[in-house]
Amino acid sequence: MPNELPLVVEDLSFRYRSREDWAIRSMSFSVQPGELLLIAGSSGCGKTTLARAINGLIPRSYKGELSGRILLHGQEYTRAPLSRISQVVGTVLQDPERQILGTRVLNEVAFGLENLGLSRPEIVAAAEDALKRLGILALRDRETFYLSGGEKQKVALAGVLAMKPSILLLDEPLASLDPASARETLAIVRQLADEGMTVLMVEHRVEDVIHMHPDRVMFLKDGEIRYLGPLSGMTEAVDYHHIKLPAPMVMERAAADPPPAPVTPQPERFRTAAEQPSAPLVRFENVGFGYDDEVRVLKGINLDIRRGDIIAVLGPNGAGKTTLVKHAIGLLKPKVGRVLVDGRDTHELSVAQIANTLGYVFQSPSHMLFAPSVQDELAFGPTNMHHAPEQIEAEVREALEIVHLTGYEKNPPLALSFGQQKRVSIAAILAMRSRILVMDEPTAGQDYKNYMDFMDAIVQMPSFEAILFITHDIDMAVIYANRVLLVNQGTVVRDGPPQEVLADAELLRGNRLVPTSLLEENLKHFPQTGRLLRAEALAHALRPTV
Amino acid sequence: MLVTWRYRKRKSLIQSFDPRAWLIFFACFLASTLFFWDLRYLTFFLGLALITVFTSGITWKEMSRAWIFIGGFILFFSFLTFLTGRGGMELYQSEHLLRALRAPFAIFGWTPTLNITAERTMFSISMLLRVFSIASMTILIPYSLNPGLYGVTFRGLGLPDKIAYGMDLTMRFIPTLGRDFTQTMDAQRARGYELEKLSGGLAAQIRKLAPLVVPVTIHSIIGSEDIIDAMDLRAFGVGPRTWLDQLHYRRRDYALMAFGVLVLMVSIALSMWGFGKFWVPQPLLDLAVGIL
């Protein structure tokens, strides 16, 4: 009987009150019990809106025009209170940081059960059950604040599972996790589906979730379902430039297309000149740091950033990556040793002085955007550095072109989507025209096509002598870096060319990294290609021999 | 994610009580202190505060920043009170001049003069003592109250579920705001922004604070929306709520509350009988060289 299906969506459309366009249009589909459905699509495709409609935040928290029906186990819940829906549909949000309310793990997991007014023994039993199911009972009495990113994600999941929903909805749950934590989360989700739970997973990096073998994939574009079926059939329906597909799939498709335009990283031109040893741009000399006396966040760091370097900093959550790069711009000063920027000790320089040499893009755009227009936002840095007005105009224009936001000059940055805000925050630093660019997780929360495009443009900018970025995405290191720094537990575990560092599978595993299909393809063909390439380029490089 | 104050479990007098009992005692202490201007009575309250501070088990290193900030603030305003005598006018009609310090110069015929009087001196010392006692007791609370128990504490004090949980979130919101402020400050400094170099008139200076104030405000608003969603998605506010943690009053808690209430009653009674008003010691008055 179709009525007993856990989820039936009939002709669902929704338009946010403040928008003119419909976010989703006439969507109809149903989900089988125990099915794992992957919902993919680039930002603005309507996947988050669909998720909000299913978990009831639409129309309760997000107002607008809603039509169509959603049936949960044959019952219409469109007008039911959120409390009833939340017992059927459990939702795990993108960032566990934004979902965790309790200060202690047990209280966090118990939160929903407390709200349902169950008795204390029932609450404790159900919460411990959920913790056990995810293998994290040992965390029961820990403070949530001190958990790692992966642990936080599991605790958030336990808090949802404790309420015993029959449908689990995960909205990009991997975005803030290191690759090993992401794999663990996926394995758990697969297991839950195997045990009979219906799982809807929203994720645009298809490559990353392929290992959990989704039963079906739904591909959304412009608020409509463009494909719904098995994963194997999806490659035909989607553009591999927009959705990150596994490398072999991309290579197969790309071989038939014209070869991609070559990307020539500009900092590398300094590299040939730098064969004769030049002074390093940034030098770490035996740097040690801790936030209080006992904790050593960084230990004995020795590091030179030289002209021509494009460095990817990899490592697990909490390894000290951000602390390390904050030393380069003087936001943190070493407790032991010293950091030199252009030969000068950061102890003697103000952050503003260092900013002339080194531009730093923070992880979260919401910590820096303030201006009434994108134009003003981008002019802020260059104005602080006393650039001439006509120069600032050119810098702003060029920065906007790079991040694909030309035409948004007059828009208030705070009214843009998260992905656009992130690009404004990058452009704001690009406009400062520093000689070194440092980016903390530039691709987080971004669309595949968008971040590939701006990374292409950034490495081709003539003004940068060196680029350094922190990432969880090994493919970013494969495609863009000429040097990889592996950081773990406050030390540099390995520093070398990507083809050497990333080829060491043992080393990667030990640092919570998981080889991607692109890395594997590259390593397999390295004797032929002699360098690491993106999937499209790799397909063409191998063409004569294929 | 909301961050918490620097609470740690310590062996201390303050943490040996139920948090509800302590908050009730704290409220009584606060109200009682405000009845007095007499230095002799205020010494009693200062004594209570100091006993609590010194038995709190919180090291100077942990508290130093809070103390320096609040202590500096109190000293500055007490000194200002001493210079101007402002605020004390309702408590005394005449002033006994101890010494008049006259500037050795005149501005347009006006010679700046500082009149040191017995009343102003005593008033600023009493003021210092009052505010210092209250501040000392208040500083201890974030260090000594387990953040995991905020909600159930307020619930236990009789607030309804929703308001008690709201108070819990509010208490944790303040340190979160502090963290956001630091992160924003860092992000803007990396764009060449220097707070130290603010210039221009007051309006211009406030405008130049926008790079700090706007992101922190927006971040708080977005953060609260996330919290509301997260709470809604887990059935918050649908009916009477169970609080997993339980608090139990023990004999010492009743004793503390009784003591707090007693202090408050005695304070009310004393002040109704006219005790504890502004007091200037006779020897100081004897030193007077004139009356203003």
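Every chain is numbered from 1, with letters handed out A, B, ... down the list of sequences. Nothing here was measured: the structure is a model prediction, and the numbers come from that model.
The closest side-chain heavy-atom distance from A/S61 to B/D232 is below 4.5 Å. In this structure, A/E114 and B/F236 have side chains that are not in contact, with every pair of non-hydrogen atoms separated by 4.5 Å or more. With a 4.5 Å cut-off on side-chain heavy atoms, A/T103 and B/R172 count as touching. Looking at heavy atoms from C-beta onward, A/S364 lies out of side-chain contact with B/Q183 at the 4.5 angstrom threshold.
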Walk me through whether B/D229 and A/Y62 qualify under side-chain hydrogen bond (donor to acceptor under 3.5 Å, both in side chains). CA-CA 10 Å; B/D229 280 356; A/Y62 298 88; 2.9 Å; yes
Verify side-chain contact (heavy atoms from CB on, under 4.5 Å) between B/R241 and A/F111, making sure each step is shown before the conclusion. CA-CA 10 Å; B/R241 179 174 201 281; A/F111 181 76; 3.2 Å; yes
For B/L233 and A/I85, what are the C-alpha separation, side-chain angles and deciding distance, and is it a side-chain contact (heavy atoms from CB on, under 4.5 Å)? CA-CA 8 Å; B/L233 285 173; A/I85 301 180; over 6 Å; no
As a quick check of understanding, evaluate side-chain contact (heavy atoms from CB on, under 4.5 Å) for B/V238 and A/R84, giving each step before the final call. CA-CA 9 Å; B/V238 295; A/R84 272 189 59 212; over 6 Å; no
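Contact annotation for A/M163: only side-chain heavy atoms (C-beta onward) come within less than 4.5 Å of a heavy atom of chain B. For a residue to count as touching a neighbouring chain, one of its non-hydrogen atoms must lie under 4.5 Å from one of that chain's; by this rule A/L101 touches chain B with backbone and side chain alike. Looking at A/I429, the atoms closer than 4.5 Å to chain B (heavy atoms on both sides) all sit in the side chain, from C-beta outward. Interface residue B/Y165: only side-chain heavy atoms are found under 4.5 Å from chain A. For A/S350, the part lying near chain B is the side chain, with the backbone staying farther off; criterion is any non-hydrogen pair under 4.5 Å. In this structure, chain A has heavy atoms under 4.5 Å from both the backbone and the side chain of B/M231. Residue contact with chain A, scored on non-hydrogen atoms closer than 4.5 Å, involves the side chain of B/I218 exclusively. If you measure heavy-atom distances from A/E377 to chain B, the contacts under 4.5 Å come from both the backbone and the side chain. With a threshold of 4.5 angstrom between heavy atoms, B/P240 approaches chain A through N, CA, C or O but not through any side-chain atom.
Chosen from B/G192, B/P147, B/G148, the residue pairing most often with chain A at heavy-atom distances under 4.5 Å is B/G192. Of the listed residues B/L169, B/I228, B/V214, B/D180, the one with more heavy-atom pairs under 4.5 angstrom with chain A than any other is B/V214. Among the candidates B/G151, B/G237, B/A187, B/A230, the residue making the largest number of heavy-atom pairs closer than 4.5 Å to chain A is B/A187. The most heavy-atom pairs under 4.5 Å with chain B, out of A/E143, A/E97, A/R52, A/K326, come from A/E97. Between chain A and the residues B/L212, B/D226, B/D161, the most heavy-atom pairs under 4.5 angstrom are made by B/D226. Between chain B and the residues A/G56, A/A110, A/S434, A/S86, the largest count of heavy-atom pairs under 4.5 Å involves A/S86. With respect to chain B, the highest number of heavy-atom pairs below 4.5 Å among A/A355, A/G159, A/S366 belongs to A/S366. Ranking A/G117, A/G330, A/A371 against chain B, the residue ahead of the rest is A/G117, based on heavy-atom pairs under 4.5 Å. Between chain A and the residues B/A210, B/A190, B/P211, the most heavy-atom pairs under 4.5 angstrom are made by B/P211.
Interatomic distance, CD1 of A/I354 versus CZ of B/R189, reported as 9.0 Å (0.5 Å rounding).
The pair A/E108-B/R234 counts as a salt bridge, with a side-chain nitrogen and a carboxylate oxygen less than 4.0 angstrom apart.
Under a 3.5 Å cut-off, the side chain of A/R120 and the backbone N or O of B/L244 do form a donor-acceptor pair. Side-chain N or O atoms of B/T242 include none that pairs as donor or acceptor with a backbone N or O of A/S119 at under 3.5 Å. Listed for the A/N384 side chain is a donor-acceptor partner under 3.5 Å among the backbone atoms of B/R191.
With no hydrogens or angles considered, no side-chain donor-acceptor pair links B/T184 and A/H367 at under 3.5 Å.
In this structure, B/Y249 places its OH atom where more than 12 heavy-atom neighbours from other residues, nucleotides or ligands lie under 6.0 Å away.
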